[in-house]
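If you read the sequence from its start, that first residue is 1, and numbering goes on from there. Heavy atoms only: backbone and side chains are in, while hydrogens, waters and symmetry mates are out. Model, not experiment: these values are computed from the prediction.
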Amino acid sequence: MRFTVMSKGDSTSNALMQKMITYLQDFELIYDEEQPDIVISVGGDGTLLHAFHRYSSRLDKTAFVGVHTGHLGFYADWLPEEIEKLVIAIAKTPYQVVEYPLLEVIIRYRHGGKETKYLGLNESTVKSMEGTLVMDVEIRGEHFERFRGDGLCVSTPSGSTAYNKALGGAIIHPTLHAIQLAEMASINNRVFRTVGSPLILPAHHTLMLKPVNTNDFHVTIDHLTVMHRDVKSIQFRVADEKVRFARFRPFPFWKRVHDSFISDEG
């Protein structure tokens with residue numbers, strides 16, 4: 001089996017990374033940064049997001065597993081003191097693959113040109129370069145509303161516990177094939193009106209944003225922020241691709257939610 005390890009970059013994570021590389025090579029696993037079968041993330045959920053984007057072209061061949069050196073993560077479930085156990089599991093036992101849906105984002109431009117496609121593990125946000133964001137929102141090709149406000153956030157089920165939750169969105173179990181649209185400070189008065197609630201769209205529905213008064217936007221995909229100019233439309237849907245996590249033991253989603261947001265011990 002080919003593996004690689006990605007570290008958050010702090011001294012604790014780097015030391016654990018080096019230890020895991022040594023242990024796994026002792027078990028005759030092959031260290032391969034280019035074509036790994038398994039990617040071990042050491043740090044937190046942010047580190048795993050970086051690992052996902054680095055290997056997003058190999059999602060059908062690569063599985064991810066996370067070791068957290070800070071707070072309990074939604075993607076990183078192994079503790080530093082458990083790395084010997086994890087190494088033995090990786091080297092000696094076949095792992096269960098758990099697949100979660102991803103977000104596909106396609107940005108098209110007014111004067112033609114090549115469209116830009118992204119895959120998101122957590123979410124994508126759209127904000128105006130300056131002032132209020134005004135967007136026509138279409139669902140399945142039909143006009144739904146004209147949004148005015150600070151911005152819009154479209155998240156995956158596994159990303160529903162991140163920025164989406166802070167915006168008042170629903171927490172969705174990550175095995176459900178859906179995307180969620182949440183508003184950022186929408187303007188609602190006697191003249192302007194939005195639905196005002198998060199929308200959960202199934203996999204066969206496409207969400208389209210079309211600019212009204214400007215064509216330049218800040219678009220985020222997980223931790224990446226990109227400025228797009230001359231935008232004609234931004235399309236969101238559940239991606240055909242999926243992310244694969246290597247599971248060596250149960251990692252119940254609702255327990256993660258409880259431990260992260262409710263338990264004093266999270």
Side-chain angles (χ1 to χ4, degrees), residues 6-10 12-13 16 39-53 63-83 85-86 89 95-103 120-125 149-186 195-203 220-223 236 238 242-266:
M6 288 185 65
S7 166
K8 180 180 179 180
D10 61 286
T12 301
S13 300
L16 280 172
V39 175
I40 303 157
S41 160
V42 182
D45 284 349
T47 313
L48 200 138
L49 284 173
H50 280 274
F52 164 78
H53 283 276
F64 298 87
V65 63
V67 178
H68 65 87
T69 53
H71 296 292
L72 173 70
F74 275 86
Y75 299 123
D77 58 320
W78 289 83
L79 294 164
E81 56 266 29
E82 296 178 309
I83 65 164
K85 187 191 299 185
L86 176 58
Y95 54 83
Q96 177 191 8
V97 172
V98 176
E99 294 184 331
Y100 288 169
L102 298 169
L103 175 67
L121 178 56
N122 268 2
E123 76 276 303
S124 172
T125 68
D150 285 357
L152 290 164
C153 174
V154 184
S155 62
T156 65
S158 56
S160 66
T161 53
Y163 191 26
N164 168 78
K165 182 180 181 297
L167 294 171
I171 295 177
I172 304 176
H173 195 279
T175 55
L176 295 176
H177 285 67
I179 58 174
Q180 181 169 185
L181 174 67
E183 300 178 353
M184 302 177 202
S186 60
V195 71
S197 298
L199 302 178
I200 299 170
L201 278 60
T220 69
I221 312 289
D222 296 330
H223 59 288
F236 303 91
V238 177
K242 296 182 177 67
V243 63
R244 302 163 73 243
F245 290 100
R247 288 278 185 270
F248 299 95
R249 62 184 183 189
F251 189 34
F253 177 71
W254 296 118
K255 184 178 188 308
R256 273 176 278 164
V257 173
H258 173 271
D259 292 349
S260 295
F261 300 115
I262 299 168
S263 171
D264 293 333
E265 301 171 3

Checking F64 against S41 for the side-chain contact (heavy atoms from CB on, under 4.5 Å) test, could you report, in this order, the C-alpha distance in whole Å, the side-chain angles of both residues, the deciding distance, and whether it holds?
CA-CA 7 Å; F64 298 87; S41 160; over 6 Å; no
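- Atom CG of residue D259 and atom CG of residue D77 lie 11.5 Å apart, to the nearest 0.5 angstrom.
- The distance from the OG1 atom of T156 to the CG atom of N122 is 5.5 Å, given to the nearest 0.5 Å.
- For the residue pair A178 and I200, the shortest heavy atom distance occurs at CB-CG2, 4.0 Å.
- Considering every non-hydrogen atom in both I221 and G120, the closest pair reads CG2-CA, 3.9 Å.
- Among all heavy-atom pairs drawn from W254 and H173, the shortest one is NE1-CD2, 3.6 Å.
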Evaluate the side-chain contact (heavy atoms from CB on, under 4.5 Å) criterion for residues T69 and V42: first the C-alpha distance (whole Å), next the side-chain angles of each, then the deciding distance (0.1 Å), finally the verdict.
CA-CA 7 Å; T69 53; V42 182; 3.9 Å; yes
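- In terms of heavy-atom proximity, T175 sits nearest to H177 at O-ND1, 3.4 Å.
- Side chain of D150 to main chain of M184: no donor-acceptor pair is present (N/O by atom type, distance under 3.5 Å, no hydrogens or angles).
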Show me, pair by pair, the donor-acceptor contacts under 3.5 angstrom made by side chains of residues 161-168, not counting sequence neighbours?
unit_1, atom_1, unit_2, atom_2, d
N164, ND2, S160, O, 2.9
N164, ND2, A170, O, 3.0

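- Remark: side-chain polar atoms of S13 are not paired, donor with acceptor, to backbone N or O of S7 under 3.5 angstrom.
- Between H223 and H53, the two ring planes are perpendicular [angle over 60°; tilted spans 30° to 60°].
- Under the 4.5 Å side-chain criterion, counting only non-hydrogen atoms from C-beta, F74 is in contact with S260.
- At a threshold of 4.5 Å between non-hydrogen side-chain atoms, the residues W78 and K85 count as touching.
- Under a 3.5 Å cut-off, the side chain of R247 and the backbone N or O of Q96 do not form any donor-acceptor pair.
- Using modelled atom types, no side-chain atom of Q180 and backbone atom of S155 make a donor-acceptor pair closer than 3.5 Å.
- Looking only at distances, no side-chain donor or acceptor of T220 sits under 3.5 Å from a matching main-chain atom of S124.
- When each of Y95, F253, Y75 is tested with F245 by the rule ring pair (Phe, Tyr, Trp, His ring centres under 6.0 Å), just one qualifies, namely Y75.
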Might you work through the side-chain contact (heavy atoms from CB on, under 4.5 Å) test for F251 and V98, ending with a clear yes or no?
CA-CA 10 Å; F251 189 34; V98 176; over 6 Å; no
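- Judged by distance alone, with hydrogens and angles left aside, the side-chain atoms of D222 form a donor-acceptor pair with the main-chain N or O of E123 at under 3.5 Å.
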